[in-house]
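We count residues from 1, following the sequence as given. Not measured: the values here are computed from a predicted model.
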Amino acid sequence: MTVQLIGAFVRHIIDRCDTCWFTVKEDNAPARALHRMLGATEVGRRTDFYGIGDERIVAKIDQATFERLRPKYERLGFVPTRLVAEAA
């Protein structure tokens, strides 16, 4: 079920978002691993995110990364394979 949800997420955002941002607590290793698998790069930290003392790691995937990773997403079945027009 998790793979289906990840696939649905990628299909929904890959051609619609310029940048996808994630925030996560430092000790949430499974979420951070998922963000890395999707291609996110950790870019900073936010303090007092949900309240005083709450610190979050900020990660993002931008459109260039989505395009660079599209073949990976295709192999994983997250997005349909693009048809490449044959040269005449």
Side-chain angles (χ1 to χ4, degrees):
M1 183 64 161
T2 301
V3 172
Q4 292 170 333
L5 289 172
I6 296 167
F9 169 76
V10 171
R11 276 189 302 281
H12 186 75
I13 66 166
I14 192 166
D15 293 319
R16 294 184 176 123
C17 294
D18 293 327
T19 305
C20 181
W21 295 91
F22 300 97
T23 59
V24 64
K25 285 189 173 262
E26 185 171 8
D27 65 351
N28 190 340
R32 291 176 71 192
L34 174 61
H35 298 162
R36 277 191 304 276
M37 186 277 302
L38 289 170
T41 303
E42 293 182 358
V43 294
R45 292 178 179 267
R46 290 279 229 21
T47 56
D48 302 333
F49 191 74
Y50 283 115
I52 296 171
D54 184 48
E55 187 168 308
R56 301 290 169 135
I57 293 172
V58 178
K60 73 173 187 168
I61 308 171
D62 58 23
Q63 190 59 44
T65 302
F66 284 134
E67 285 306 311
R68 183 175 50 80
L69 292 177
R70 186 177 284 271
K72 174 183 176 179
Y73 298 149
E74 290 174 355
R75 281 192 311 276
L76 292 170
F78 292 167
V79 295
T81 302
R82 280 187 178 165
L83 298 176
V84 179
E86 297 288 327

Euclidean distance, Leu76 CG relative to Glu74 CD, rounded to 0.5 Å: 10.5 Å

Could you walk me through whether Asp15 and Arg70 pass salt bridge (charged side-chain N to carboxylate O under 4.0 Å, His left out), step by step? CA-CA 10 Å; Asp15 293 319; Arg70 186 177 284 271; 2.5 Å; yes

I'd like to know if the side chain of Tyr73 reaches the main chain of Leu38, judged simply by a donor and an acceptor atom lying under 3.5 Å from each other, with no hydrogens or angles considered. yes

I'd like to know if Leu5 and Val24 are part of one continuous hydrophobic network [Ile/Leu/Val/Met/Phe/Trp/Tyr, side-chain heavy atoms within less than 4.5 Å]. no

Which of parallel (below 30°), tilted (30 to 60°) and perpendicular (above 60°) describes His35 and Phe22? parallel

Within the distance-only criterion (no hydrogens, no angle test), does the side chain of Lys25 pair as donor or acceptor with the backbone N or O of Asp54 below 3.5 angstrom? no

Within the structure provided, determine whether Val58 and Phe49 are in side-chain contact (heavy-atom separation under 4.5 Å). no

Roughly how far, to the nearest 0.5 Å, is the SG atom of Cys20 from the NZ atom of Lys60? 11.5 Å

How long is the span from the CG atom in Leu69 to the CD1 atom in Ile61, to the nearest 0.5 Å? 7.5 Å

Between Glu26 and Arg32, which heavy-atom pair has the shortest distance, and what is it? O-NH1, 2.9 Å

Would a hydrophobic clustering, with Ile, Leu, Val, Met, Phe, Trp and Tyr connected at side-chain separations under 4.5 Å, put Phe9 with Leu34? yes

For the CE atom of Met37 and the NZ atom of Lys72, what is their distance to the nearest 0.5 Å? 6.0 Å

Nearest heavy-atom neighbours spanning Gly53 and Asp48: N-OD1, 2.7 Å

So with a 6.0 Å cut-off around CZ of Arg46, is the heavy-atom count from everything else above 12? no

From Thr41 OG1 over to Asp62 CG, what is the distance, rounded to the nearest 0.5 angstrom? 7.5 Å

Are any of the side-chain heavy atoms of Ile13 and Arg16 separated by less than 4.5 Å? no

Working to the nearest 0.5 angstrom, can you tell me the gap between Asp18 CG and Phe66 CZ? 9.5 Å

